[in-house]
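Computed from heavy atoms alone, side chains included, the values below leave out hydrogens, waters and symmetry copies. Per chain, numbering begins at 1; letters A, B, ... match sequence-line order.
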Amino acid sequence: MKTGTVRQILLITDGCSNYGEDPLAMAALAKEQGITVNVIGVIQNDQIDEAARQEIEGIAAQGGGISQIVFTEVLSQTVQMVTRQAMTQTLQGVVNQELKQILNKDISIEDLSPEKRGEIMEVVDELNETVNLDVLILVDTSASMKKKLPTVKEALLDLSLSLAARMGNNRFSLFVFPGKQKNVEKLLDWSPRLDAISSVFSKLIPGGMTPTGPAIKEAIRHFEDRRSIFGFLTKSDDFYHEESS
Amino acid sequence: MKNPVDIHPGTVVQGKWHKQTYRIVRKLGSGANGSVYLAEVNGKKVAMKMSRDVRIITSEVNVLKSFAKAQGDVPLGPSLFDVDDWNVGTNTIPFYVMEYIDGTPFLHFIEQKGKSWVPVLILQLLSELDKLHHAGWIFGDLKPENLIVTSTPFRVRCVDVGGATQFSRSVKEFTEFFDRGFWGLGSRKAEPSYDLFAVAMIMINCYYPNRFPKKEGGLVQLNRIIRENRELARYEDILLKAITGKYTDARHMHQEMIRDIQRQVSQGKGLQQTQGSRRQKSPQKKVRSRFIGVLETVLIIFIICFLYVAYIMEKIM
């Protein structure tokens, strides 16, 4: 199977958006363009309020991704698990589509005998290792995130370490919201590792509104910028995504 | 999180594809990836893993199948018996059935039998890992919780193969304390040295049962930890080599550990530390006339240990 690219937005937040477009609509928009939106809700000691929980789950559902609400302490493991699971989910979708084309009927892995499943999983695992992955990370830096930011930084460095062990190429980009002047601010443009974020992260001054919707919108645009440049440079640039059903 | 699979003892599970029936005896454990039950089939005890996620079951089955092909007389992991789905109400729960490995959890065993078992079990583990590595797999999520010591004879076995990874792929399942990436001491690429780092941490864990948090991290902290424990410090060279990824295969670490034990024995340090019976401070030059007697004792200990090591070598070769 040809090597393509899986595209994800990873949103790390601790609460409700309160400015700009509806983040659920923006997540749905991302999905339509083949970008999966995953959300991690970070809580510390305190309970997360119901509205925030609903928004977090809603964004992931609309964005075709996965959501997890976790305590700050286990953030590292969650970030890598969510990214991996979402990747598997996307690739599984791609494999299911191929199966559908071959067998000419709607079939999922659950319908196959355990013996056949093994072979399919082998293909999915192989793709997981070799596929290229673009992750755009969106970090909420509103005031309530202040204490959590050092852990977020550690978790992102750990994610970079985990994914660097794969055979496929990784590209990361990091945006924070709200930005200094704008709703969203780019901290790191597409790069193979996240190591560079260490220094920029410590300089962040959390505070302000939570424009989650505009942030997702900007993230989509950043993917598109990249696509046009890279599409121009490379002959084929395949993106894997599950077709919306 | 997916809901864990929760079924009561006495429940009868029948496979949809292969029609085998199993009676659930009790739950053995559960984690993020599913639950493991003790079950009975035709009067035989087996372990059954269930998960809501068919991918987890399928991946683990793939691993167990490759393990079975790779290993000799007694495999490191459990043998696989059956893979199937269980239709319960409107749900389908995928499961697989494997050998039930009965024994004592690793750290519990050492607590019961004494620290003299540490090098023995570590050597056993290294031999098993070597076989696995030769088959092109690393164990991945190596930690005491995944190790069980079976009896007659006492032997280390692994019970959870969820983290096993083919060479040069990336390790997806790990536990921070045993992961070299967490300590800033290497990548998460599947290669033998990844497992050997975990072996070193298991050995450290034997002497620090409560583990310890990451402070400065890296070599500095781990080296300090090793030096602060007198018994552990004896293995400093080997542990540091494993921690810094100097060993490229398990056999090498195994050989050096045996050599180290022999050397310690010949220096009269003694391998055994059975329940604090031994007098510690052997006065260096107390009485000259006793020299022959001491030499004799050292010689006897050396011979016994040599035979013991030869015995182990013979067992594991």
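Per-residue heavy-atom pair counts under 4.5 Å with chain A were compared for B:Ile57, B:Val61, B:Val83, and the maximum is reached by B:Val83. Taking A:Met121, A:Glu129, A:Arg166 one by one and counting their heavy-atom pairs under 4.5 Å with chain B, the maximum is reached by A:Glu129.
In this structure, chain A has heavy atoms under 4.5 Å from both the backbone and the side chain of B:Glu176. Both the backbone and the side chain of B:Ser59 come within less than 4.5 Å of a heavy atom of chain A. Looking at B:Asp179, neither its backbone nor its side chain comes within 4.5 Å of chain A, counting heavy atoms on both sides. Only the side chain of A:Gln80 comes within contact range of chain B, judged by heavy atoms closer than 4.5 Å. Looking at B:Val54, the atoms closer than 4.5 Å to chain A (heavy atoms on both sides) all sit in the side chain, from C-beta outward.
For the atom pair CG (A:Asp125) and CZ (B:Arg169), the distance works out to 5.5 Å, reported to the nearest 0.5 Å. Note: A:Glu115 CD to B:Lys65 NZ = 6.0 Å, rounded to the nearest 0.5 Å. Between the CD atom of A:Glu122 and the CD atom of B:Gln166 there is a distance of 5.5 Å, given to the nearest 0.5 Å. Taken to the nearest 0.5 Å, the OG atom of A:Ser113 stands 7.0 Å off from the NE2 atom of B:His18. With rounding to the nearest 0.5 angstrom, the NZ atom of B:Lys214 is 6.0 Å from the CD atom of A:Glu154. Distance check: B:Lys172 NZ to A:Thr83 OG1 gives 13.5 Å after rounding to the nearest 0.5 Å.
B:Arg55 is not listed as a side-chain neighbour of A:Val124, based on a closest heavy-atom distance of 4.5 Å or more.
Other residues, nucleotides and ligands contribute only 12 or fewer heavy atoms inside 6.0 Å of the NZ atom of B:Lys45.
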A:Glu110 vs B:Thr92, side chain to side chain contact (heavy atoms under 4.5 Å, CB included): CA-CA, chis, key distance, verdict: CA-CA 9 Å; A:Glu110 285 86 357; B:Thr92 302; over 6 Å; no
Step-by-step side chain to side chain contact (heavy atoms under 4.5 Å, CB included) determination, A:Leu163 to B:Ser170: CA-CA 8 Å; A:Leu163 295 177; B:Ser170 51; over 6 Å; no
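Nearest heavy-atom pair, B:Asp84 versus A:Pro114, reported as atom, atom and distance to 0.1 Å: CA-CG, 4.1 Å. For B:Phe174 against A:Asp158, the heavy-atom pair with the smallest separation is CZ-OD2, 4.4 Å.
A:Arg117 and B:Thr58 share no donor-acceptor pair across their side chains, judged by distance under 3.5 Å alone.
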